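The analysis underlying the following values was restricted to heavy atoms, covering all of them including side chains, and did not include hydrogens, waters or symmetry mates. This one's a predicted model, so the numbers in the text were calculated from it and none came from an experiment. The chains referred to below are lettered A, B, ... by the order of the sequence lines, with proteins before strands, and numbering in each begins at 1.
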Amino acid sequence: MIFGGGENIKLMDFNTVTTIAHQELKINIRAKWTLVFAGGFGIIALAISYFGLVTAGFVGFQGFTRTSASLLNLVLYLIPVVSLMMGTLSFTGEKSANELLFSQPVTRSEILLGKILGLFLSITTATFIGFGLAGFVIAVQVGTEGLTRFLAFVGLGLLLALVFLSLSAMVAILSGKKAKAFGFSLFLWFFFVLLYDLLVIGLTFVFKERTANIFIFLSLFGNPVDMVRVSSLILLNGTTIFGAAGAALVKFLGGQMASSLLLISALGVWVATPLLISDRVLRKQDI
Amino acid sequence: MIEVKGLTKKFGNFTAVKDISFQVKAGETFALLGPNGSGKTTILKCITGLMSPTSGHIWINGIDVWKNSWEAKSLLSYLPQRVAFYENLTAREVLEFYCRLRKLPLDRIDQVLEKLHFSFNGFADRSVSEFSGGMIQRLGIAVAFLPNAPLLLLDEPTASLDPEGAIKFRKLIAMLKQEGKTILFSSHVLSDIEQLADRVAILVGGKLAAVESVEILKNAIRVNSRMRLLLNNPNENFIKTALDAGATEAKLLDAHLVVSSKPEDRLSILQALSKAGAIIKWFSTEEPSFEEIYLKYTL
């Protein structure tokens, strides 16, 4: 990979990237964010698994597949906001500390990638500890059936985290100031988690049926939260319950595997695009 | 070693630095002198590659700082004006991080701490959040000295140090000068400039007023040193007496006779005034202010 700082071109040094990532991870663990999220994820997963069927008159641990399905909406709400907040906090950090870091013979691309990697490892650690402990309890109580799906579901959650970390970097770098960056981040969360689907549903009334179907299908790729929702439901064999967009997608692509691959690739684009924009802006930005 | 040519930096409509050009030779200690807001930090940040010039160029050993920033930065070490570190790391962890970034062996840390005589009073393995401002500044200095870079850029390096720390730091700079390092630092403390620098660039409102050797600057300060005498019997004739005894300027303000002279002429001026009948009730000496020195260079 070739990245540069200023106008120069230099091969990216992955030792530098991992050194910065390690430092970022250490800072987040010491700041106790990681432990707070791990605890939160663990307690929520256990609570949802235990009380998930309380309305059906059943109290007790559910299997991995049911737990994943019950956790889905919570993950789609929590992971984006956690990623946006941690990312914004890190990228708008202490200005003087940044001056010292950016004056070292490392490229700005290495710093950007190192920080993103460190933040991602922090969230991964929190997720594995939280969902890992919950998974252990569930496995002991009801067995390991559906464990692979649960792990894949956690993987999709982490991919969503990476998308929103990448967005947080872009927002922080473009905003410059901490308060502004937090404001934009919260707006992004509100937009993708709550507003987007309402807008899409509203706009479908404007189009004729065939155009509306295409619009719904294409709209899926405009929201990473929806993409993870659909991917998770495909994964959990819930294709019959997730509505028109997902059903249209699976039908259009002729299979669940192809749909999953397409969605994961699209999520990859959602990770890469904000990162490339951040890199381009950061290279020319005054520190 | 450093060549700055036609450097201008604007922030929106505000011009922080305008058309600055100077050179720093290898092995030289060069100071940027000016009050707050005169553009010292902006110039240093442009040289470090932290800021892009609006126009102009900067080269370090012939390498364009902005076009080849990574290469240029490998030749320098920078100490920012306000140093900060993540508070939940220890001093040693901070130093290890910068060692790894610079690809230096970790035993370099102890060598540098020994050279700097920084023991951190046993705090090296404690969280930076427990550090005082002076200790954080010392940690910043230690980070800056880790790589043994040929060029040191120091922004107000003694600003947050206690007197003992400042004395140690000045000794360190003197030692580095002997080792042949090129040092560019900013300051608004005249004594720092006088003791450490070979040449000085004087900045006024983002413009370069002059680049002088410190010897010439010292002379300007000496010539403009003042005595203020409170006389019991003020008289216009004492002005001429003071001028005849070596004063460069003398004026009477009510009962005060204000005399400018070289410091070594002060005693003979006092003796001449006394001999001429002046009854001196009290006197004080004054060094010229920055503004006065700037006026000398800007008028």
Which atom names give the shortest non-hydrogen contact between [X] and [Y], and what distance separates them?
X         : Y         : answer
Phe85(B)  : Leu100(A) : CE2-CD2, 3.4 Å
Val106(A) : Lys73(B)  : O-NZ, 3.5 Å
Arg30(A)  : Asn88(B)  : NH1-O, 2.9 Å
Leu101(B) : Gln104(A) : CD1-CG, 4.1 Å
Asp286(A) : Phe11(B)  : OD2-CE2, 4.0 Å
Tyr86(B)  : Ser90(A)  : OH-O, 4.4 Å

To the closest 0.5 Å, what do you measure between [atom1] ([X]) and [atom2] ([Y])?
X        : Y         : atom1 : atom2 : answer
Glu24(A) : Phe97(B)  : CD    : CZ    : 9.0 Å
Trp66(B) : Lys284(A) : CH2   : NZ    : 9.5 Å
Gln23(A) : Arg100(B) : CD    : CZ    : 9.5 Å

Evaluate whether atom [atom1] of [X] has more than 12 neighbouring non-hydrogen atoms of other residues, nucleotides or ligands under 6.0 angstrom away.
X         : atom1 : result
Lys180(A) : NZ    : no
Glu114(B) : CD    : no
Lys18(B)  : NZ    : no
Lys178(A) : NZ    : yes
Phe128(A) : CZ    : no
Lys5(B)   : NZ    : no

Please classify the contact of Val94(B) with chain A as side chain, backbone, both or neither, using a heavy-atom distance under 4.5 Å.
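Contact with chain A involves no heavy atom of Val94(B) at all.
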Pick one: which of Thr16(A), Asn15(A), Thr19(A) meets side-chain hydrogen bond (donor to acceptor under 3.5 Å, both in side chains) with Lys103(B)?
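By the side-chain hydrogen bond (donor to acceptor under 3.5 Å, both in side chains) criterion, Lys103(B) pairs with just one of Thr16(A), Asn15(A), Thr19(A): Thr16(A).
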When Ile287(A), Asp13(A), Leu101(A) are compared by non-hydrogen pairs under 4.5 Å with chain B, the top option
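Of Ile287(A), Asp13(A), Leu101(A), Ile287(A) has the most heavy-atom pairs under 4.5 Å with chain B.
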Apply salt bridge (Lys or Arg N to Asp or Glu O under 4.0 Å) to the pair Glu99(A) and Arg82(B), showing each step before the final yes or no.
CA-CA 9 Å; Glu99(A) 283 179 10; Arg82(B) 275 181 291 276; over 6 Å; no
